[in-house]
Each structure stands twice: as structure tokens, then as C-alpha cells.
Amino acid sequence: MASEALTMIVNLLRSQRPLQEPTVEQMRAGLEAMAQMSPLPADVELTTVDAGGVPGAWVRVPESDPDRVVLYLHGGGYVIGSIRTHRDLAQRIARAARCRVLLIDYRLAPEHPHPAAVEDSTRAYRWLLETGSDPKRMAIAGDSAGGGLTVATLVALRDAGVPLPAAAVCLSPWVDLEGIGESMTTKAAVDPMVQREPLLRMASMYLAGQDPRTPLAAPLYADLRGLPPLLIQVGTAETLLDDSVRLAERARAAGVQVTLEPWEDMIHVWQAFAAMLPEGQQAIERIGEFLRQHWQ
């Protein structure tokens, strides 16, 4: 049974739904404001860095092993989100996995449509390798659009012959830019965050006229062979549930080791609410366990 905190969060999210379609600037400002509700603990070290031409920030905690690294790709429909909006989630993953986390500000649509995000994520990963990180002690992770970008980044790196990380983690990944999963309609009434029409507007901004089944934009249609072990966490109360289920099915069919974790009653990227939601922190602890199991 879900905690009482979940009901409070769902009610809060429903109360903040705009009466009319917000502008990109309003969406960005809204997510930034929400992130301010979770200030960083005093023991978190945040250091800005130029990650091969991509703005980044190292997130370290006292538990961080400097030899273990997660490249984290934030969510936000490829249109919103930043290092600031995901600092708390990053420090919690750093603590659970006992690693350093590199957050990046990849370029956003509509100013920078696909493939800008993939170009930036792969550039940051190459920079990590060039500066001495061992792929056997690395992982890529991301939430929502960042979860889809995680898979796209792995595919792009594999195709380029770049050594892949030991593991990857996708939190409620968005991998179908057409919104044709059954849960888009069957879960619409219970999902307080993600609905099909706003999602398709973000997809249109990101694609800028490109085919919505372009594999590195919608990695549900990518060749997934040769990817590292993958953890997918998704809530059963979210419209993107079928994105995770279909991604797991396709990855398994391609020979990828997949751990799919559907969390009962959880909403889209509930891990981001870990400061208030016990299940959020529990899921993050599970992420840390998964990563430590796969690092050498």
C-alpha cells in the first residue's frame, strides 16, 4: 500500500495543472521552482565543469568513490529541466551508489532539436573517458526524456565503437514519441503529471519535423543489441508505463540483460520526490544496489 505522502504529492500536482497551455518559458520556470522545494544537504559538493564543451556539474557526497561515475541525463521532455532541477536526485543516487555523478545541461528544444541532446550526451561521455574514467566503473542514467536519452546515448556510443559503461538505469523512460502505448489512455485518469497532448507538443518541438520513429530520438525503434545491463523503474500509475514495458521487451529480445521494476501506484519519476516520499528513497536505494552489483 502506498504511503500517505503519495496522496499529498498527487493532490499538489493536480492543483498546479495550468488552465491553459503554458509557454516553454513558463514550463521551465515552473520546474525550476519545484526543484527549490528540495534544498541540497550541507555535505553535498557541487562543482561546475566543462564536460568536453557541454556545461556540467560534478555532484559528490562523503560516500562517493572517485573511481565510480554516473553520467546523469535529466528529464523534461527535451524542452525543460537543468542541472539545478535534478541536483537533489543526483546527490541521492551518488549516496546510494557511493559514486560521483556528472549532471549535464544538454541543449534543449525547440532552440536545439534532435540530435542536439544525443550529441551533447555522447560528447560528455567521451570526455569522461578522455579524463580517465574506466567504463567498467561507469553508468549512464536518466529519467523520463533523460531515460530515453540514456538508451539513445548507449546506441550512439555502441555504433561509434566507444566502450560502453557497465550498466544503465532508466527511470520512467520516454521512448515512444508518438504516444501510442496503451497506457497513454488507460492510465490517463490516474497520472497527475504526463498526458498525451502536452507530451506530443514536446515531441514536436524536439523532432522539428523529423520522423517520430527516428531511432536515436525514439529508441523504442533502435537496434538494442550489445547494450549493458539495464534497470528500468516505472510506476503503475503513469501514462508512460507501456514505454517501459515495451522497451524492456525489445531489449530482452535483443539479448540485453534487463531488470524491469513496476512500482505499484507510483507516479512518473516518483524518485524525484524522495525528500517527501518514502518509496522514492526506496527506489533510489535499489538503484544504488543495482549499480554496485555491476561495477568492478
Side-chain angles (χ1 to χ4, degrees), residues 1-14 16 30-46 57-64 68 70-76 80-103 139-147 150 167-174 190-194 231-238 240-241 244 259-292:
M1 183 176 179
S3 64
E4 293 181 5
L6 179 64
T7 301
M8 179 187 71
I9 291 167
V10 168
N11 290 338
L12 175 64
L13 292 169
R14 291 190 188 282
Q16 294 181 339
L31 187 57
E32 295 282 342
M34 184 181 295
Q36 299 308 312
M37 297 170 62
S38 301
L40 290 180
D43 64 351
V44 177
E45 180 184 349
L46 194 73
W58 279 116
V59 181
R60 300 178 180 89
V61 295
E63 298 91 334
S64 295
R68 294 180 172 184
V70 170
L71 171 60
Y72 195 87
L73 308 173
H74 69 75
I80 65 176
S82 68
I83 290 170
R84 291 182 301 276
T85 63
H86 283 66
R87 294 180 303 179
D88 181 63
L89 181 54
Q91 68 89 9
R92 291 175 184 274
I93 291 173
R95 220 176 286 273
R98 302 168 201 159
C99 68
R100 295 185 294 160
V101 174
L102 177 65
L103 271 171
I140 303 177
D143 63 281
S144 194
T150 293
V169 178
C170 297
L171 313 181
S172 304
W174 182 30
V190 294
D191 190 324
M193 294 181 68
V194 179
L231 171 65
I232 304 172
Q233 291 184 338
V234 64
T236 64
E238 56 174 307
L240 287 176
L241 173 60
S244 290
T259 302
L260 174 64
E261 293 185 352
W263 285 61
E264 196 66 30
D265 298 326
M266 291 300 107
I267 60 175
H268 188 60
V269 195
W270 73 97
Q271 301 88 343
F273 300 97
M276 300 174 281
L277 185 65
E279 293 91 340
Q281 186 58 39
Q282 291 162 12
I284 291 169
E285 295 298 332
R286 171 69 188 117
I287 293 167
E289 176 186 326
F290 174 83
L291 291 176
R292 295 195 309 273

Colleague: To the nearest 0.5 Å, how far apart are CG in L40 and CG in D88?
Modeller: 6.5 Å
Colleague: Can you tell me how far apart OG (S82) and CZ (R87) are? Round to the nearest 0.5 Å.
Modeller: 8.0 Å
Colleague: Closest approach of H74 and I80, non-hydrogen atoms and distance?
Modeller: CE1-O, 3.4 Å
Colleague: Taking all non-hydrogen atoms of both residues into account, name the closest pair between S172 and V269 and its distance.
Modeller: OG-N, 3.2 Å
Colleague: So L13 and M34, do their side chains get closer than 4.5 Å, heavy atoms only?
Modeller: yes
Colleague: Report the distance from atom CD1 of I287 to atom CD of Q282, rounding to the nearest 0.5 Å.
Modeller: 12.0 Å
Colleague: Test L240 against H268 for side chain to side chain contact (heavy atoms under 4.5 Å, CB included), laying out the working first.
Modeller: CA-CA 8 Å; L240 287 176; H268 188 60; 3.4 Å; yes
Colleague: Find out whether V169 and L291 are in side-chain contact, i.e. whether some heavy atom of one side chain is under 4.5 Å from a heavy atom of the other.
Modeller: yes
Colleague: With a cut-off of 6.0 Å (strictly less than), are more than 12 heavy atoms of other residues, nucleotides or ligands near CZ of R292?
Modeller: yes
Colleague: Whether R98 and E63 form a salt bridge (side-chain N of Lys/Arg under 4.0 Å from carboxylate O of Asp/Glu) is what I want to check.
Modeller: no
Colleague: Find the distance between OG (S144) and CG (L73) and round it off to the nearest 0.5 Å.
Modeller: 12.0 Å
Colleague: Counting distance only, does the side-chain N/O of T150 pair as donor-acceptor with the main-chain N or O of G142 below 3.5 Å?
Modeller: yes
Colleague: Taking all non-hydrogen atoms of both residues, which atom of V59 and which atom of A94 are closest, and how far apart?
Modeller: O-CB, 4.3 Å
Colleague: So how far is it from E4 CD to I9 CD1, rounded to the nearest 0.5 Å?
Modeller: 12.0 Å
Colleague: Taking all non-hydrogen atoms of both residues, which atom of A283 and which atom of W270 are closest, and how far apart?
Modeller: CB-NE1, 3.6 Å
Colleague: Any side-chain donor-acceptor pair under 3.5 Å between Q91 and R95?
Modeller: yes
Colleague: How close do G280 and A274 get, counting heavy atoms only, and between which atoms?
Modeller: C-CB, 3.8 Å
Colleague: Dump the intermediate steps for side chain to side chain contact (heavy atoms under 4.5 Å, CB included) on F273 and L12, then the final yes or no.
Modeller: CA-CA 12 Å; F273 300 97; L12 175 64; over 6 Å; no
Colleague: To the nearest 0.5 Å, tell me how far Q233 CD sits from D143 CG.
Modeller: 11.5 Å
Colleague: Mind listing the closest non-hydrogen atom pair of G235 and E238 along with its distance?
Modeller: N-OE2, 2.7 Å
Colleague: Which residues pass the side chain to side chain donor-acceptor pair (under 3.5 Å) test with D191, sequence neighbours left out?
Modeller: T239
Colleague: Among all residues two or more places apart in sequence or in another chain, which pass the side chain to side chain donor-acceptor pair (under 3.5 Å) test with N11?
Modeller: none
Colleague: Under the criterion side chain to side chain contact (heavy atoms under 4.5 Å, CB included), I'd like the reasoning laid out for R286 against T259: C-alpha separation, chi angles, the key distance, then a yes or no.
Modeller: CA-CA 11 Å; R286 171 69 188 117; T259 302; 3.9 Å; yes
Colleague: Once side chain to side chain donor-acceptor pair (under 3.5 Å) is applied, do any residues pair with E285, and if so which ones, sequence neighbours excluded?
Modeller: Q281
Colleague: So do the side chains of L89 and Y72 get within less than 4.5 Å of each other, counting heavy atoms only?
Modeller: yes
